[in-house]
Amino acid sequence: MTSSSKRKEESHLLNGGVKQSTWSKALSSNAVWEEKDEFLDVIYWLRQIIAVILGVIWGVAPLKGFLGIAIFCIINAGVLYVYFSSFQQIDEEEYGGTWELTKEGFMTSFALFLVVWIIFYTALHFD
């Protein structure tokens, strides 16, 4: 039996056969993901949440230019990498490798970040 299927069976027995919600699995360490798309959805939405939070912070603190974009990319990729490799400890190869998980939903979060950053910066720092 593989380690992934063993984890699924142990989790099912510990929960008494009750299925956990997606967000409770997302917030618990070493959760078992029966469906691949469910974990990818969590990665996608966590990335969107990070984009909004960083966009507000960048807009309030008058951060400008390439430095703001570069720091966003590093934080966004770094936080999600630590999440799926250390917190969830999933097998990256089941999801197409580290690069596939790192880029999952990145462009939409980048666009959302830019919109939020521009709105907050313009609203608070008009001259």
Student: Do F106 and I49 belong together in a cluster built from hydrophobic side chains that touch within less than 4.5 Å?
Tutor: yes
Student: Any side-chain heavy atom of L101 within less than 4.5 Å of one from L40?
Tutor: yes
Student: Could you tell me the separation between the NZ atom of K25 and the CD atom of E34, rounded to the nearest 0.5 Å?
Tutor: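 Separation between the atoms: 4.0 Å.
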Student: For W23, does the CH2 atom sit with more than 12 other heavy atoms under 6.0 Å from it, leaving out its own atoms?
Tutor: yes
Student: Can you label the angle between the Y83 ring and the F39 ring as parallel, tilted or perpendicular, going by 30° and 60°?
Tutor: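 Rings of Y83 and F39: parallel, as their planes differ by under 30°.
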Student: Look at the rings of F113 and F72 and say which category their plane angle falls in: under 30° parallel, 30 to 60° tilted, over 60° perpendicular.
Tutor: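 Rings of F113 and F72: parallel, as their planes differ by under 30°.
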Student: What about V116 and I50, same hydrophobic cluster or not, with Ile/Leu/Val/Met/Phe/Trp/Tyr joined at side-chain heavy-atom distances under 4.5 Å?
Tutor: no
Student: Can you tell me how far apart NZ (K36) and CG (D41) are? Round to the nearest 0.5 Å.
Tutor: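 That separation rounds to 12.5 Å.
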Student: For L80, is there any backbone N or O sitting under 3.5 Å from a side-chain donor or acceptor partner on R47?
Tutor: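 Not confirmed, R47 side chain does not pair with L80 backbone.
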Student: Hey, does the side chain of S21 reach the backbone of S24 with a donor-acceptor pair shorter than 3.5 angstrom?
Tutor: yes
Student: I would like to know whether Q88 and W33 meet side chain to side chain donor-acceptor pair (under 3.5 Å); could you show each step before the answer?
Tutor: CA-CA 10 Å; Q88 288 295 334; W33 301 91; 3.2 Å; yes
Student: Transitively linked via ILVMFWY side-chain contacts under 4.5 Å: M107 with V52?
Tutor: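 In one cluster with M107: V52, no.
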Student: If I take atom CG from residue L63 and atom CH2 from residue W117, how far apart are they, to the nearest 0.5 angstrom?
Tutor: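 Atom-to-atom, L63:CG and W117:CH2 are 5.5 Å apart.
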Student: Should V115 and F110 be counted in the same cluster of Ile, Leu, Val, Met, Phe, Trp and Tyr side chains packed under 4.5 Å apart?
Tutor: no
Student: Does the plane of the ring in Y121 sit parallel, tilted or perpendicular to the ring in H125? Use 30° and 60° as the thresholds.
Tutor: tilted
Student: Return the CZ to CD1 distance between F66 and I71, rounded to the nearest 0.5 Å.
Tutor: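 The CD1 atom of I71 is 10.0 Å from CZ of F66, to the nearest 0.5 Å.
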Student: In Å, rounded to the nearest 0.5 Å, how long is the span from CG of L114 to CD1 of I119?
Tutor: 11.0 Å
Student: Transitively linked via ILVMFWY side-chain contacts under 4.5 Å: V82 with I53?
Tutor: no
Student: Mind checking the CG-CD spacing from L112 to Q48? Nearest 0.5 Å is all I need.
Tutor: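 Answer rounded to 0.5 Å: 6.0 Å.
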Student: Return yes if a side-chain donor-acceptor contact under 3.5 Å exists between S109 and N76, otherwise no.
Tutor: yes
Student: Begin with the C-alpha distance, continue with both residues' side-chain angles, and end with the deciding distance and a verdict on ring-ring contact (aromatic ring centres under 6.0 Å, His included) for F87 and F84.
Tutor: CA-CA 6 Å; F87 185 72; F84 68 73; over 10 Å; no
